[in-house]
Amino acid sequence: MKNRSCLFILLFNLITIQAFSQDIPNEIKNNWQFRKAGEANWYKATVPGTVHTDLLVNKLIPDPFYRENETALQWIDQAGWEYRTFFNADTRLFAKKHITLVFDGLDTYAEVYLNGTRVLEADNMFRGWTVDIKPLIRRMNNELLIRFSSAQQKVDSMAKAKLPLVLPDNNRVYVRKAQFQFGWDWGPKFVGCGIWKPVRLIGSDQPYKKTAKSSAMPMAKLIRQKDATGISFYFEQNGKPIYAKGANWIPADIFLPRVNKNEYRRLLQSAKDANMNMLRVWGGGVYEDDAFYDLCDELGIMVWQDFMFAGGMYPGDESFFSNVKAEVKYQVERLRHHPCIVLWCGNNEIDEAWHNWGWQGQFNLHGDDSAKVWNDYKRLFEDSLAKWVNTFDGKRPYVPTSPQHGWGHKESFTEGDSHYWGVWWGLEDWEAFENKTGRFVSEYGMQAMPNWNTVRSFSAEADQYLYSPVILSHQKANEGFKKLNHYLDRYFIDSAKLSTLPLEDYTYLTQCLQYYILRSSIAIQRSKFPVNMGTLLWQLNDCWPVASWSITDYSRQPKAAWYAVREAYRDDRLPVKDPIAPKNLKLKKTVVSISLRGNRLTLTSSEDAKFIQLSKDGNTSLFTDNYFDLKKGESKVITLSKGTVTNSFISGIKIKTLNDLLKED
């Protein structure tokens with residue numbers, strides 16, 4: 001009996017000690033307010049969130065995506081903004097020896113005050129920030145205040161201080177912040193600020209230390225070795241080579257906290273449904289939320305992970321390097337347990353840009369200045385990042401840049417990965433891929449307009465004509481429409497007729513063009529197996545409604561090209577390139593009929609029909625297939641992707657075909 005009593009007391013003490021010593025988390029997500037610095041009025045804020053979305057919810061600004069509102073809202077990025085909340089400390093938390101204030105993400109230049117005392121300064125949106133606030137916290141009525149400085153003004157000031165040295169190609173390179181927020185050739189310029197990830201308190205009896213998970217073995221292994229062609233670049237799973245089929249991923253919203261797990265699942269499932277097995281997380285965006293990588297693990301989608309550097313030469317001072325090292329440590333330790341991540345890459349297109357884009361002449365970088373900028377590049381991407389990745393991970397390969405060689409160099413076709421933009425930027429025909437397909441094509445693409453209901457979402461009826469100011473404001477690529485029209489004239493319709501097309505028809509034609517070129521380009525690339533072992537098109541998704549290279553637009557609806565990619569990426573058959581350009585087809589006026597049989601739609605056409613588009617109230621994503629061809633005398637059966645087919649539903653289906661636009665007179 002005595003032994004049992006001693007055992008009971010020992011167990012009780014162990015349980016008590018364990019309960020007393022465990023960390024107590026407490027998220028701070030309620031009662032947040034914000035205001036423009038220097039103004040008196042406070043407004044309700046959402047955390048996590050951004051200043052733009054808070055302004056929008058409070059009806060202080062119009063929809064940033066509508067018409068030309070982007071231009072009218074640039075004042076937001078020139079101002080400072082303040083956020084505050086008042087909170088009480090939980091009794092159990094308050095009793096702990098250490099109370100740590102944890103920020104998973106502050107965007108970007110922020111001063112944090114607790115009860116009037118500054119406790120933290122942040123300058124990197126890709127890092128977590130912690131500070132022990134035990135000496136300052138009160139049991140009741142604590143004030144937490146965060147002052148955000150304008151990132152745009154900060155980088156402009158830093159760049160000015162470095163004159164006459166100018167770092168290509170935008171002052172954004174001075175800040176550790178999502179580079180696409182400063183504008184890209186598919187995205188708006190909303191630099192912004194805010195508490196973009198959760199804030200919490202953690203009470204503990206020992207100094208707080210974030211628990212990092214161990215590195216997991218990646219689901220695939222990169223193989224680079226000399227061969228008869230040059231140097232290979234492919235992935236193996238279980239010792240067997242696999243052909244990578246996928247796309248490039250950009251942030252799914254310019255206002256990052258709006259992307260929740262359901263949004264991630266919808267987009268990643270669309271990639272999986274298009275028979276993709278790899279996504280490249282592009283270096284001008286962000287290290288994505290845990291939910292993204294959890295879903296990629298679940299879906300078996302390999303992830304090529306860029307570090308967040310793109311299209312610019314970055315500073316080489318020690319404070320910048322120290323900041324980047326802390327960022328790399330934080331992100332690699334956060335992500336390394338995900339088997340989906342198969343590769344770390346230092347940057348997007350910086351090596352190529354330095355050697356091929358004429359920056360030395362454009363930014364007057366010669367002699368010592370040029371040498372310093374290039375040496376800083378090599379020290380960061382070829383030396384430091386390689387060492388840091390090995391230290392903090394050690395199980396995945398690292399490559400300094402993508403692509404290894406620029407698309408104007410013959411080596412880009414024989415070794416490493418390649419970004420081939422001769423098609424689009426170089427105005428080459430898609431047939432160029434016959435002789436210009438690299439070992440692993442990690443970027444290539446063709447533009448198209450977004451879906452018509454997406455166009456309608458950002459424009460008024462009066463704006464809906466080609467080259468209207470509003471339509472132009474949602475085309476960010478340099479000479480984007482000029483290039484689109486070049487390819488439309490080459491493969492679909494004489495340029496003289498383009499200006500007479502209604503915008504809805506022009507939108508449809510650009511999507512047919514993207515479908516046609518991507519399908520044929522993928523067919524060529526896959527025919528080069530095993531010399532070519534991967535094709536990652538640019539790009540899967542959009543961050544706002546825009547004409548772009550995406551195959552799903554901002555509404556998350558697939559564009560026509562998504563259906564082409566789904567077919568071209570099949571494992572059970574190889575795609576075949578189109579032998580005849582649509583422009584050269586002898587298309588006749590046709591009538592496409594739909595009949596209902598059970599829960600199935602059966603379609604027939606009175607003549608050979610090309611690119612049959614089905615839509616209901618402007619939505620083309622309701623059907624299991626779309627933008628398909630149909631021979632005269634044949635039938636095609638499709639179903640709804642969701643819901644039940646009824647006769648009344650059928651009567652509302654709108655049908656468009658290429659025949660309608662190109663039929664012989």
Return yes if a side-chain donor-acceptor contact under 3.5 Å exists between T535 and Y444, otherwise no. yes
Evaluation steps, side chain to side chain contact (heavy atoms under 4.5 Å, CB included), between Q305 and Y293: CA-CA 11 Å; Q305 180 66 55; Y293 302 96; 2.6 Å; yes
Under-4.0 Å salt bridge between E111 and R147: no
Under 3.5 Å, is there a donor-acceptor pair linking the side chains of S442 and D417? yes
Output yes when K160 and D156 qualify as a salt bridge under the 4.0 Å nitrogen-oxygen rule, no when they do not. no
salt_bridge(D393, R336) N-O dist < 4.0 Å: no
Checking side-chain polar atoms at under 3.5 Å, does R396 have a donor or acceptor matched by the opposite partner on N390? no
What I want to find out is whether K177 reaches D107 closely enough, with some N-O distance under 4.0 Å, to be called a salt bridge. yes
Between E143 and R138, is there a side-chain N and carboxylate O pair less than 4.0 Å apart? no
Identify whether the distance between the nearest side-chain nitrogen and carboxylate oxygen of K221 and E236 falls below 4.0 Å. no
For K329, is there an ion pair with E333 - N to carboxylate O distance below 4.0 angstrom? yes
Below 6.0 angstrom between ring centroids: does that apply to W81 and H52? no
Give a yes or no answer on whether the side chain of D132 reaches the backbone of T100 with a donor-acceptor pair at less than 3.5 Å. no
Side-chain donor-acceptor pair under 3.5 Å between E327 and Y287, yes or no? yes
Can you confirm whether the side chains of E352 and H419 place a donor and an acceptor under 3.5 Å from each other? no
Of Y234, F233, Y243, Y420, which is the lone residue that meets ring-ring contact (aromatic ring centres under 6.0 Å, His included) with F440? F233
When V281, L385, N347 are each screened for side chain to side chain contact (heavy atoms under 4.5 Å, CB included) with F307, the one that passes is L385
We want to know whether N348 and D306 form a side-chain donor-acceptor pair, criterion being a heavy-atom distance below 3.5 angstrom. no
With no hydrogens and no angle check, is any side-chain donor or acceptor of W129 less than 3.5 Å from a backbone partner on N124? yes
